[in-house]
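Some notes on the structure that comes next.
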Amino acid sequence: MKASELFFPTLREVPAEAEVVSHQLLLRAGFIRKASGGVYSYLPLAQRVLKKIMQIVREEMDRAGGQELMLPIIQPRELWEKTGRWDVYGDEMFRLQDRHKRYFALGPTHEEIITTLVNADVHSYRGLPLMLYQIQNKYRDEIRPRFGLMRGREFIMKDAYSFDVDYQGLDMSYQKMFEAYHQIFQRMELKYRVVEADSGAIGGSSSHEYMVLADSGEAEVVYCEQCSYAANVEKAECSCQEAVPGQTDALPLEKKHTPGQKTVEDVAAFFQRPTSQVIKTLLCLADGQPVVALLRGDRELNVVKFQNLLGCLDLVMADEKAAYELFGAGFGSLGPIGLDIPIYGDLEIQAMSAANCGANQDDYHYINVCPGRDFQVRQWNDLRNAVAGDPCPHCQNPLQLVRGIEVGHIFKLGDKYSRDLDASFLDQNGQSQIMVMGCYGIGISRTMAAAVEQNRDEQGIIWPLPLAPYQVIVIPVNSKKEDQMDLARSIYEQLLAKGIEVILDDRDERAGVKFKDADLIGIPLRITVGPKALQENKVEVKKRWEKDINMMGMEEVLNLIGELWG
RNA sequence: CGGGGCGUAGCGCAGCUUGGUAGCGCGCCUGAUUUGGGAUCAGGAAGUCGCAGGUUCAAAUCCUGUCGCCCCGACCA
């Protein structure tokens, strides 16, 4: 492709609306343009990257026994009513009406439609198992679309659905997908991790998320370098060291005047102690009923764990007004001593012996607090988020913490949809059985953004080799110099003849402009044709991810390309 | 959904308080000189000031409404 003909409108300045790096770079490098909030056009360079992502996904899905199909994006309301999701999905779902005032959904996902499809045409165990997948636009009317392609309202998604005769079959399908996903992200050369995910409302069966590691990721993940353990911080178990009972002969409880000391940091500083010696008292409302959680001052409450423990439907932090009503004190002066509200303590609190906590009176705190002696709790539990350095629940090795972007999610659906939509078959004994399903998603457009988020520098994008829109860019330093252009053109044609994806930057621009653009759009290999190249009958080759430039002959260039993309 | 901010040329922004000829930088077009990391000079094109009402002799500017976009919040005492 000649750069003079390629549609890649690069921007020198960062558009004001772009917050995260991937969004900024994809806009600046001429990959995407916004059509509306959370809705983007994919320009030719982006389209090439997306095709490469999709191709890898397709090949691995096919290898794992999947069959690609296309499903409607416009889906009738009745299907969604059968599973109850017409209501459950709420405002997240785009809805529309036709001229007859019938309602439709723009598919946010395709369980309903595909289960109905399979139900209609598979009636025997002989037709199972079945693994079907689609790569299509999906729609979610996000409350707040943001981060460019990261959280859009229209996005490209690969979803695979498996149908099996029983749970054993589902396990096998799941395992195949689990492995296929590893293949996919390895082939994309992305740094990623699989984590155990919360299967949530769907039930106790397993679920894994594939996270592309990037500092800007929304999710925090802890992992163990020694064993294979990895989990979302919200899911990670905190296997607290066995509780050391509070010292019974400790110093007596004392109330201290602490004017103006509100936060954990204030109180810790006031008593010249670490925040880990402060007991943080959090007032929550569980289905409207007040409950208290105690955590070390340097820990965070894990709402999911707390909610699971309480078995309530709704758990929110109470506001300060409620604190005054129940404790007679405001935030910052709350404590567990003398309360008649149910108290749940984090395991770590149990091990403390001379802690500080609020006295339920503004501007007063206790010191030398001993859990068990000075107050009782209803239960000791793991209530906090995991942090770096916590022992691995499997092997005790200190856990590492990274941030990640969720690009893949697989889970076992079981019979939820097949039951609601009556997807059944006759088994060998002529008995009617419900199919057992799994579903397996990959955010295609999000993966492109995640790849940029992870692979970039100050100059622009550094595409992983398998995803790069083009492999090589040939830059004649001065397009007006015939000899340079001739050599550049001949190199370009040689590469084209070898089937290599190459751009010839034949634009009448200064060298600096071409270099800047090449770096910005992230083409892995740059071949510069200038006076030096002409003199030595060699070309200058620069790898996008390295600083240095190498002089080499065409033979060598072709070998290098062969090695890199072999 | 709550709070805040913004909408002026393709992009980034000023002008608005105090109403009176619509500006700057980058980009774009033409020409010349340049040509190894976003050139220089000269000339030029380009904006119904988001949209709709209102106030006024006069509105980018004041008022009302509306649409769009961005940020924050909806868990850390």
Side-chain angles (χ1 to χ4, degrees), chain A residues 9-20 23-24 27-28 30 33-39 90-92 142-148 153 234 261-268 275 278-286 292-307 314-324 326-327 329-336 346 357-358 360 362 365 383-385 458-460 475-481 484-485 505 507-520 526 528-535 540 542 547 549:
Chain A
T10 56
L11 301 175
R12 190 176 292 207
E13 288 170 278
V14 184
E17 68 191 38
E19 173 78 357
V20 294
H23 190 196
Q24 293 175 350
L27 281 170
R28 281 192 59 209
R33 287 292 183 263
K34 185 173 69 183
S36 169
V39 180
D91 294 335
E92 288 265 291
E142 293 284 346
I143 303 177
R144 206 179 133 195
R146 54 183 145 177
F147 307 147
R153 297 199 295 168
E234 297 198 339
Q261 309 303 310
K262 288 278 286 180
T263 67
V264 167
E265 286 72 27
D266 291 344
V267 174
T275 53
V278 176
I279 296 175
K280 183 157 73 171
T281 307
L282 302 176
L283 175 62
C284 300
L285 295 174
V292 160
L294 302 180
L295 290 161
R296 250 170 58 176
D298 56 342
R299 302 304 196 195
E300 292 185 350
L301 174 63
N302 183 315
V303 177
V304 176
K305 289 178 183 174
F306 197 24
Q307 189 167 356
D314 178 51
L315 182 72
V316 293
M317 304 295 287
D319 59 23
E320 191 156 15
K321 204 171 131 228
Y324 275 107
L326 290 158
F327 293 75
F331 290 164
S333 299
L334 307 185
D346 183 73
C357 72
N360 295 327
D362 280 348
H365 285 82
L383 295 178
R384 67 183 177 92
N385 281 340
E458 317 71 53
Q459 300 303 315
I475 297 185
V477 168
N478 186 337
S479 309
K480 289 235 171 84
K481 293 264 163 54
Q484 286 183 25
M485 269 312 289
D505 197 342
R507 295 175 300 168
D508 183 18
E509 289 285 357
R510 298 167 62 87
V513 174
K514 298 183 190 178
F515 292 145
K516 288 285 184 191
D517 275 346
D519 287 349
L520 183 58
R526 189 180 84 193
T528 309
V529 179
K532 295 173 212 162
L534 284 164
Q535 235 166 38
E540 294 170 49
K542 180 174 178 304
K547 276 266 172 287
I549 294 170

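Here is how names work: the chains are called A, B, and so on, in the same order as the sequence lines, proteins then strands, and each is numbered from 1. Just the heavy atoms: all of them, side chains too, but no hydrogens, waters or symmetry mates, feed the values below. Not measured: the values here are computed from a predicted model.
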When you measure from the side chain of [X], which nucleotide among [options] comes out closest?
X	options	answer
A:L520	B:C71, B:G38, B:C70	B:G38
A:L301	B:C76, B:G37, B:A39	B:C76
A:K542	B:G37, B:C72, B:G27	B:G37
A:D519	B:G36, B:G37, B:C76	B:G37
A:R146	B:G38, B:C71, B:G37	B:C71
A:K516	B:G37, B:C76, B:U35	B:G37
A:P531	B:C76, B:C72, B:G36	B:G36

Can you tell me how far [atom1] in [N] sits from the matching atom in [M], rounded to whole Å?
N	M	atom1	result
B:G7	B:C28	C1'	23 Å
B:U40	B:G73	P	42 Å
B:A46	B:G10	C1'	10 Å
B:U61	B:C51	P	11 Å
B:U48	B:G31	P	28 Å
B:C69	B:G53	P	23 Å
B:A45	B:C71	C1'	36 Å
B:A9	B:G25	P	15 Å

For A:Q459 versus A:K516, what's the shortest heavy-atom pair and its separation?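 That closest heavy-atom pairing would be OE1-NZ, 3.4 Å.
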Any donor-acceptor pair under 3.5 Å between the side chain of [X] and the base of [N]?
X	N	answer
A:K480	B:U34	yes
A:N478	B:G36	no
A:R28	B:G38	yes

In this structure, how many angstroms lie between the [atom2] atom of [N] and the [atom1] atom of [X], rounded?
X	N	atom1	atom2	result
A:E509	B:U40	CD	C1'	15 Å
A:D508	B:G38	CG	C1'	15 Å
A:F515	B:U35	CZ	P	15 Å
A:D346	B:C76	CG	P	18 Å
A:K34	B:G68	NZ	C1'	9 Å
A:L334	B:C76	CG	C1'	12 Å
A:Q24	B:C70	CD	C1'	13 Å
A:R12	B:A39	CZ	C1'	10 Å

With respect to the phosphate group of B:C69, does any side-chain polar atom (N or O) of A:S36 fall under 4.0 Å of OP1 or OP2?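 Looking at the OP1 and OP2 atoms of B:C69, one of them is under 4.0 Å from a side-chain N or O of A:S36.
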Short side-chain N/O contact to B:G38 OP1/OP2 from A:R510, under 4.0 Å: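 No, because none of the side-chain N or O atoms of A:R510 sits under 4.0 Å from OP1 or OP2 of B:G38.
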State, yes or no, whether a side-chain contact exists between [X] and [Y] at a heavy-atom distance under 4.5 Å.
X	Y	value
A:M485	A:N478	no
A:C284	A:L301	yes
A:H23	A:P15	no
A:V292	A:F327	yes
A:R507	A:D517	yes
A:L295	A:L282	yes

Does B:G43 have a Watson-Crick or wobble partner in any strand here, with both distances under 3.5 angstrom, and which is it?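 Pairing partner, where one exists within any strand: B:C29.
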In the 5'-to-3' direction, what one-character label does each nucleotide of nucleotides 10-16 of chain B receive under the scheme B = base within less than 4.0 Å of a protein heavy atom, S = sugar-phosphate only, - = no such atom? -BSS---
Which pairs, with at least one residue in residues 11-20 of chain A and sequence neighbours excluded, count as a side chain to side chain donor-acceptor pair (under 3.5 Å)?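 Residue pairs passing side chain to side chain donor-acceptor pair (under 3.5 Å), neighbours aside: A:E17-A:K34.
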Only counting residues at least two apart or in another chain, list the ones meeting salt bridge (charged side-chain N to carboxylate O under 4.0 Å, His left out) with A:R296.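 Listed in chain order: A:D298, A:E348.
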